[in-house]
Amino acid sequence: MSATPTSAPGGPELQNIVGGRPVPADGVETLTVSNPSTGERLAVVPLSGAAEVDRAVAASREAGVAWAAEPVVKRARVMFRAQQLLADAVDELAELVATENGKALADARGEIVRGLEVLEYAAGMPTLLQGVTSTDVAKGVDAETRAYPVGVVAGITPFNFPGMIPLWMMPIALAAGNSFVLKPSEQTPLTAVRLVQLFQEAGLPDGVLNLVLGGRAAVEALLVHPDVAAVSFVGSAPVAKLVYETAAAAGKRVQALAGAKNFLIALDDAPLEATADAVFSSAFGNAGQRCLAGSVLLSAPEIHDPLLVALQERIAAAPQGPGTDPSAVITPVINEGSKRRILDAISGTLAGGARVLTGGPLEQDEGGCFLPPTILVDVERSSPVLHQELFGPVLAVLPVEDLEEAISIANQSEFGNSSSIFTSSGAAARLFRERIEAGMLGINVGVPAPIGYLPFSGWKGSFYGDLHANGADGVRFYTRLKAITTRWPG
Ligand code: NAD
C-alpha cells in the first residue's frame with residue numbers, strides 16, 4: 001500500500017515518519033486497525049509515547065528554522081504541487097478512507113476534495129501573510145504589521161474524517177512557515193500515512209512534517225512538550241476540553257473543535273421531497289458519524305407526518321454495504337464498541353418511553369459494525385438522546401408548534417456545532433440565522449460543510465479556543481504578528 005509500513009501477514013505494521021523517513025516505534029504497544037465493513041485486519045499501528053513524540057518534535061524544530069526562512073512564495077509552490085499530487089491521487093485516497101473508516105466512497109471522495117480546497121487557499125499564502133501599514137502615525141513615524149510562523153504545531157485528529165481534517169490544518173500551518181507534527185486517530189491511520197508521503201513528494205523538506213502514530217499517550221506528550229507552540233485538535237467533547245485545558249496551561253495556543261448535537265428544523269412550508277433527502281443524508285450518511293450530522297429533527301405540525309413517511313421510504317430504499325461498494329448508502333459505524341454503545345443508548349431511550357419508528361435494537365445481532373438507520377419518536381424532552389452526542393445513525397424526532405419553540409429547544413443544548421432549517425420563508429430563515437446558537441448553519445442544507453477559505457467551527461461546548469479552523473482564522477491561528485513602529489532621522 002505504501003512505502004512506510006513494513007509488510008506483515010494481515011496488513012502492514014505502520015511506522016512513524018520522522019525527519020522524512022519511516023521510523024519504527026520500538027517497544028510500544030500496538031493496536032490492530034480493522035475494516036469496519038468486513039472486520040478484515042488492515043494494519044497494526046504503534047501506540048507511540050513520549051520518546052517518539054520527542055523525536056518528532058525535535059525533527060520539526062530543527063527543520064522548521066530553514067522552512068520558516070524560505071520565501072513564502074516557495075512554500076506556496078509546495079502547496080501547489082501537493083494540491084496536484086492529491087488531486088491525482090483522489091481515487092486512491094478515497095479508497096483508503098472508505099476502507100479504514102467504512103464511509104461510502106462518494107463521501108470519502110468528497111472529504112478529499114474539501115481538503116484540496118484548503119490546499120488551494122493555502123497556496124495563496126503570499127497575499128494571506130501580508131501585513132498592514134499606517135503612514136505618519138506621528139510626525140515622520142510609520143507603523144506596520146508583519147506575520148511570522150509560531151513554530152512547531154501539533155495536529156491531533158479524529159477517526160471520522162481521516163483525510164479532510166488533517167488537511168484543515170497542515171496546508172495553512174505549513175504554508176505560513178510552521179513545521180508540523182500530525183497525530184491522527186489510531187483507528188484510521190492509513191490515510192494520514194499516505195497524505196504525509198504525498199506532501200513529502202510535493203517537495204516539503206525532510207522533518208518539516210512529521211507523523212506520530214498512537215493514541216492518548218502521544219497526545220499527552222504533545223500537549224506539554226515545551227517545543228510545541230500550538231495545538232489544533234478535533235475530536236470528542238471531553239477530550240477537546242482536556243486538550244484545551246492542558247495545552248493552554250502549558251502556555252500554548254489551542255483550537256479544539258469538539259462534539260455536537262445538531263438540530264434540524266423543518267417548517268410547514270419546506271419542500272417535502274428535498275427536505276426528506278437532506279434530513280436523510282444528514283442523519284444517516286456516514287452512519288451518523290459526522291460532527292455536522294443532524295440528530296434531532298424538530299418538525300412543524302403539518303410537515304411532521306409526511307416527512308416521517310418520506311424518511312422511512314428513503315431508509316427502506318437505501319442499500320447497505322461496505323463503504324468501498326459504490327452502491328452502498330448505509331455503511332457501518334467505526335467499531336463494535338461504538339455499535340454496542342449506540343444500541344445501549346437506543347434501549348435506554350425506549351426504556352424512557354420513546355418508540356422506534358424504524359430501525360432500533362437488533363432482532364438478531366450478526367456481528368460486524370452495521371446498524372440500521374433508526375428513527376425515535378415520542379421522546380421525552382428530558383431524554384438524554386436529545387442532549388448527548390450518540391455519533392450513530394439515530395434520529396430523534398420531536399413535533400414543535402412553530403419556529404420559536406424549535407429555536408428554544410435547540411438553544412438549550414450544551415453544544416452548538418451546527419443547525420439547519422428547512423423552509424421557503426426568507427423571514428423564517430432570517431430569524432433562525434439571527435437567533436440560533438450554533439456556529440455552522442444550513443438554510444435548506446442538511447450538512448453545512450466546511451469550506452477551505454471560510455472559518456469553520458461550532459459554538460458553546462462544541463469548541464474550545466478563539467480562532468476557528470480554515471480561512472482567515474486558520475492563518476491567524478498559525479501566525480503571530482509583529483507591530484513595527486519606525487522613525488528615520490533626517
Ligand atoms: P476522540 O476524541 O476519541 O479522538 C480524537 C483524537 O484524540 C484522536 O487522535 C485520539 O487518539 C485522541 N484521544 C482520544 N482519547 C484521548 C484521551 N483520553 N486523551 C488524549 N487524547 C485522546 O474522537 P473520535 O471518536 O476520533 O472522533 C469523533 C468525535 O469528534 C465526535 O465527538 C465528533 O463530533 C468530533 N468531531 C468534531 C468535529 C468538529 O468540527 N467540531 C469534526 C469532526 C469530529
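Because the structure is a prediction, the values reported are computed rather than measured. Ligands are counted one by one from 1 in listed order, and the atoms in each one are counted from 1 as well.
Residue G215 approaches ligand 1 through these ligand atoms, each under 4.0 Å from one of its heavy atoms: 11 (O). Listed by number with element, the atoms of ligand 1 under 4.0 Å from a non-hydrogen atom of L257 are 39 (C), 40 (O), 41 (N). Atoms of ligand 1 found under 4.0 Å from any heavy atom of W168 (numbered from 1 in listed order, with element): 40 (O). The distance from ligand 1 to the heavy atoms of S185 drops below 4.0 Å at these ligand atoms: 9 (O). For ligand 1, the atoms lying closer than 4.0 Å to a non-hydrogen atom of I156 are 6 (C), 7 (O), 9 (O).
Of the protein's non-hydrogen atoms, T157 O, 3.3 Å is the one closest to atom 8 (C) of ligand 1. Scanning all protein heavy atoms for the shortest distance to atom 32 (O) of ligand 1 gives E389 OE1, 2.6 Å. Protein heavy atom nearest atom 35 (C) of ligand 1, with residue, atom name and distance: G235 O, 3.1 Å. Ranking the protein heavy atoms by distance from atom 39 (C) of ligand 1 puts C291 SG, 3.4 Å first. Nearest protein heavy-atom neighbour of atom 24 (P) of ligand 1: F159 CD2, 3.6 Å. With respect to atom 1 (P) of ligand 1, the closest heavy atom belonging to the protein is S236 OG, 3.6 Å. Remark: minimum distance from atom 13 (N) of ligand 1 to any protein heavy atom is reached at V239 CG1, 3.9 Å. Nearest protein heavy-atom contact of atom 17 (C) of ligand 1 is R216 CG, 3.7 Å.
Considering backbone and side-chain atoms alike, E186 places an N or O below 3.5 Å from some N or O of ligand 1.
Side chains of N335 and Q187: a donor-acceptor N/O pair is present below 3.5 angstrom, by distance only.
By the 4.0 Å N-to-carboxylate-O rule, E201 lies close enough to R194 to be salt-bridged with it. Residues D277 and R314 are paired through a salt bridge, judged by an N-O separation under 4.0 Å between the basic side chain and the carboxylate. Between E186 and R216, none of the side-chain N atoms (NZ, or NE/NH1/NH2) sits under 4.0 Å from a carboxylate O, so this pair counts as no salt bridge. The residues D466 and R253 are annotated as not salt-bridged, no charged nitrogen and carboxylate oxygen being separated by less than 4.0 angstrom. The existence of a salt bridge linking K460 and E437 is confirmed by a sub-4.0 Å separation between a basic side-chain nitrogen and an acidic carboxylate oxygen. Salt-bridge check for D54 with R61: failed, with every basic side-chain N at 4.0 Å or more from each acidic carboxylate O. With respect to R340 and E336, no salt bridge is recorded, no charged nitrogen being found less than 4.0 Å from a carboxylate O.
In this structure, G458 has no heavy atom closer than 4.0 Å to ligand 1. Close to ligand 1: I165, with a non-hydrogen atom less than 4.0 angstrom away. Distances shorter than 4.0 angstrom occur between a heavy atom of F391 and an atom of ligand 1. Using a 4.0 Å heavy-atom cutoff, F456 is listed among the residues neighbouring ligand 1.
For atom 43 (C) of ligand 1, the choice among N160, N335, L223 with the nearest heavy atom turns out to be N160.
Here CG of N35 is found 3.5 Å from OG1 of T38. Values are rounded to the nearest 0.5 Å.
The ring of W168 has its center closer than 6.0 angstrom to the ring center of F456.
With a 4.0 Å heavy-atom cut-off, ligand 1 is reached by no atom of I334. Here A258 has backbone heavy atoms under 4.0 Å from ligand 1, and that is the only part of it that gets that close. When non-hydrogen atoms are compared, ligand 1 lies under 4.0 Å from the side chain of V219 (C-beta onward) but not from its backbone. No part of F415 comes within 4.0 Å of ligand 1, judged by heavy-atom distances. Contacts between Q289 and ligand 1, counted as non-hydrogen atom pairs separated by less than 4.0 Å, are absent for every part of the residue. Here F233 has side-chain heavy atoms under 4.0 Å from ligand 1, and that is the only part of it that gets that close.
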Check the pair N210, S60 against side-chain hydrogen bond (donor to acceptor under 3.5 Å, both in side chains), reporting the backbone distance first and the verdict last.
CA-CA 7 Å; N210 299 286; S60 302; 2.7 Å; yes
Just do the side chain to side chain contact (heavy atoms under 4.5 Å, CB included) check on N178 and L174 with the steps written out, would you?
CA-CA 5 Å; N178 301 281; L174 292 168; 5.8 Å; no
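For atom 4 (O) of ligand 1, no protein heavy-atom neighbour is present inside the 4.0 Å cut-off.
Side-chain contact between V231 and L223 is present, with heavy atoms from C-beta onward closer than 4.5 Å. Side-chain contact between V239 and F233: present, with at least one pair of heavy atoms (C-beta onward) separated by less than 4.5 Å.
In this structure, K252 is not positioned above the aromatic face of Y244 in the sense of NZ or CZ being under 6.0 Å from the six-membered ring centre and within 45° of the axis.
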